Protein chains: 2
Amino acid sequence: MTNNQFKRGELYSFITGKASTAIARRLQKKFNSANLNLTIEQWSVLYHLWKQDGISQQELCNASYRDKPSITRLVDNLEKLQLVKRVSSESDRRMNLIYLTKQAHKLQEQTMELANETLNEALEGVSPDNIELCREVLQIVYDNLK
Amino acid sequence: MTNNQFKRGELYSFITGKASTAIARRLQKKFNSANLNLTIEQWSVLYHLWKQDGISQQELCNASYRDKPSITRLVDNLEKLQLVKRVSSESDRRMNLIYLTKQAHKLQEQTMELANETLNEALEGVSPDNIELCREVLQIVYDNLK
DNA sequence: TTTGGTTAGTTGTATAAACAACTATATGAC
DNA sequence: GTCATATAGTTGTTTATACAACTAACCAAA
């Protein structure tokens, strides 16, 4: 019984923590080695803005699965680093539209390359089919819980 | 090129964040609903102590993939909650051996049941074979990066 | 037994997440 | 138009993580 519980627990630990934190740490170390003064969380916000610039903080919340205070503070820090600018929306003055600076645009290519590099290292020895299957399982997990 | 980068990025987000944080959040909500005044991180430390009581903080670091300051503070908070006690080792006075309290032992069954419940909800609709395959992929990812 | 290096743990500081309480703006019913 | 309600964002507080610098204890070579 207890034994069985711990078997599930091992499964739990694989799904929740180990692999994902290992990837994040590896990428963070690559950023640090490249003297990019940027956290993975800040990068993940830039990532959404590279896809679509000038979206609101609320849209950043939805895209990055964070709550509003988290985005407020991430945008605060990104503004301090002069990587984004808050621009009050003309049509709805409650909204801040977040725009990338020139400096942030310059970061895209280098950081995405480091992210791809990290992913290649992480998935070495895993077949494309198994990568896709794993991705599908994780998507189902997310959909089951959201 | 940029397009290709973003395809990898999507894969990246699945592996790193969404599924695992969704599971952790769901379990935390179950703890809160049950009026268990306990964070997932605190629970994960108790989890290792349920397997083996009286291990050192360093062993907790290794088991839970955290650095020493993280464990120091988690043990601080668990001590405040009267769930563990630090006992200085007789054989090596540098070491603290961490022991569960009676109260912590009582939490095991209930919290493991909630964890199993969460895992069942998360993996609904995923075949055992695919669960195992996904677990193996995540193990390889971890081994590749550690 | 002294010295130098290693290991276990703590403390300081910065960043981030979760939750609650708050302000300001917009919107819809009347 | 006024008022209730909803939405966008901010602020305060607690907990957690990462990294660096630190103390205390151990250990081994001289």
Side-chain angles (χ1 to χ4, degrees), chain A residues 16-18 20-33 35-45 55-81 83-84 86-98, chain B residues 16-18 20-33 36-46 55-81 83-84 86-98:
Chain A
T16 46
K18 285 167 61 171
S20 61
T21 61
I23 293 176
R25 283 177 192 165
R26 173 65 61 100
L27 182 54
Q28 182 69 66
K29 275 185 184 152
K30 284 182 194 289
F31 284 0
N32 296 345
S33 297
N35 287 313
L36 298 171
N37 182 23
L38 193 69
T39 68
I40 298 301
E41 293 82 5
Q42 290 163 359
W43 175 78
S44 79
V45 171
I55 61 180
S56 71
Q57 294 189 197
Q58 184 57 56
E59 287 172 300
L60 278 175
C61 292
N62 301 338
S64 67
Y65 318 107
R66 292 183 170 91
D67 67 358
K68 288 191 287 184
S70 295
I71 290 295
T72 291
R73 275 136 186 168
L74 279 170
V75 172
D76 285 349
N77 285 334
L78 285 167
E79 250 187 343
K80 276 185 216 154
L81 294 168
L83 293 173
V84 304
R86 283 179 168 95
V87 177
S88 194
S89 165
E90 302 269 315
S91 62
D92 184 341
R93 281 182 303 162
R94 289 173 302 179
M95 287 200 291
N96 293 332
L97 304 182
I98 311 302
Chain B
T16 47
K18 287 166 61 170
S20 61
T21 62
I23 293 176
R25 283 176 191 164
R26 172 66 61 97
L27 181 54
Q28 183 69 68
K29 275 186 183 149
K30 284 182 193 291
F31 284 1
N32 296 345
S33 297
L36 299 171
N37 183 23
L38 193 68
T39 68
I40 297 303
E41 292 83 5
Q42 289 162 358
W43 174 80
S44 79
V45 171
L46 296 183
I55 61 179
S56 70
Q57 294 188 197
Q58 184 58 53
E59 287 173 302
L60 278 175
C61 291
N62 300 339
S64 68
Y65 317 107
R66 292 182 170 90
D67 66 359
K68 288 191 287 184
S70 296
I71 290 296
T72 291
R73 275 135 185 168
L74 279 169
V75 172
D76 285 348
N77 286 334
L78 285 167
E79 249 187 344
K80 275 186 218 154
L81 293 168
L83 293 173
V84 304
R86 282 180 168 96
V87 178
S88 195
S89 166
E90 303 267 317
S91 62
D92 184 341
R93 282 182 302 163
R94 289 172 303 179
M95 286 200 293
N96 293 331
L97 304 182
I98 311 301

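Basis for what follows: all heavy atoms, side chains included, without hydrogens, waters or symmetry-related copies. Numbers restart at 1 for each chain; the letters A, B, ... are given by sequence-line order, proteins then strands. Everything numeric here is computed off the predicted structure, so don't read it as measured data.
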Report the residue (A:Arg66 or A:Glu90) whose heavy-atom-nearest nucleotide on DNA chain C is the more 5′ of the two. A:Arg66
Listed partners of A:Arg86 passing side chain to side chain contact (heavy atoms under 4.5 Å, CB included), at least two apart: A:Gln57, A:Thr72, A:Val75, A:Asp76, A:Glu79, A:Asn96, A:Ile98
To the nearest Å, give me how far apart CG (A:Asn32) and C1' (D:dA18) are. 9 Å
Can you list every salt bridge (charged side-chain N to carboxylate O under 4.0 Å, His left out) pair that touches residues 22-33 of chain A, not counting sequence neighbours? A:Arg26-A:Glu121, A:Lys30-A:Glu117, A:Lys30-A:Glu121
Return whichever of B:Gln28 or A:Glu41 has its heavy-atom-nearest nucleotide of DNA chain C closer to the 5' end. A:Glu41
Locate the shortest heavy-atom distance separating A:Cys61 from A:Ile71; write the atom from each residue and the value. SG-CG1, 3.5 Å
Distances under 3.5 Å between nitrogen or oxygen atoms of protein and nucleotides 5-8 of chain D:
unit_1: D:dT7; atom_1: O2; unit_2: A:Arg94; atom_2: NH1; d: 2.8
unit_1: D:dA8; atom_1: N7; unit_2: A:Lys68; atom_2: NZ; d: 3.3

Terminal contacting nucleotides, 5' and 3', DNA chain C versus chain B (heavy atom, 4.0 Å): C:dT7 to C:dC19
Starting at atom CG of B:Asp67, determine the distance to atom P of D:dT17, rounded to an integer number of angstrom. 8 Å
Could you state the CZ-C1' distance from A:Arg25 to D:dA16, rounded to the nearest angstrom? 12 Å
Is the shortest heavy-atom distance from the side chain of A:Gln58 to the side chain of A:Met95 under 4.5 Å? no
A:Ser91: side chain to side chain donor-acceptor pair (under 3.5 Å) partners, not counting sequence neighbours: A:Ser89
Base, sugar-phosphate or nothing for A:Arg73? Non-hydrogen atoms, less than 4.0 Å. base
Want to settle it: does B:Ile71 or B:Ser91 sit nearer the 5' end of DNA chain D, counting the closest nucleotide to each? B:Ile71
Test A:Leu83 against A:Leu38 for side chain to side chain contact (heavy atoms under 4.5 Å, CB included), laying out the working first. CA-CA 10 Å; A:Leu83 293 173; A:Leu38 193 69; 3.7 Å; yes
NA contact type, A:Gln42, heavy-atom cut-off 4.0 Å: base, sugar-phosphate, or nothing? sugar-phosphate
Expressed as a whole number of angstroms, how long is the span from B:Leu78:CG to D:dT15:P? 11 Å
Find out whether B:Ile40 and B:Phe31 are in side-chain contact, i.e. whether some heavy atom of one side chain is under 4.5 Å from a heavy atom of the other. yes
Quick one: list whatever passes side chain to side chain donor-acceptor pair (under 3.5 Å) with A:Arg66, sequence neighbours left out. A:Ser44, A:Ser64
Need one value for A:Asn77: base, sugar-phosphate or nothing, where a base atom within 4.0 Å counts as base even if backbone is also close, heavy atoms only. sugar-phosphate
Kindly indicate whether the side chain of A:Gln42, heavy atoms from C-beta on, has any atom under 4.5 Å from the side chain of A:Val45. no
Below 4.0 angstrom from OP1 or OP2 of D:dA16, is there any side-chain N or O of B:Thr39? yes
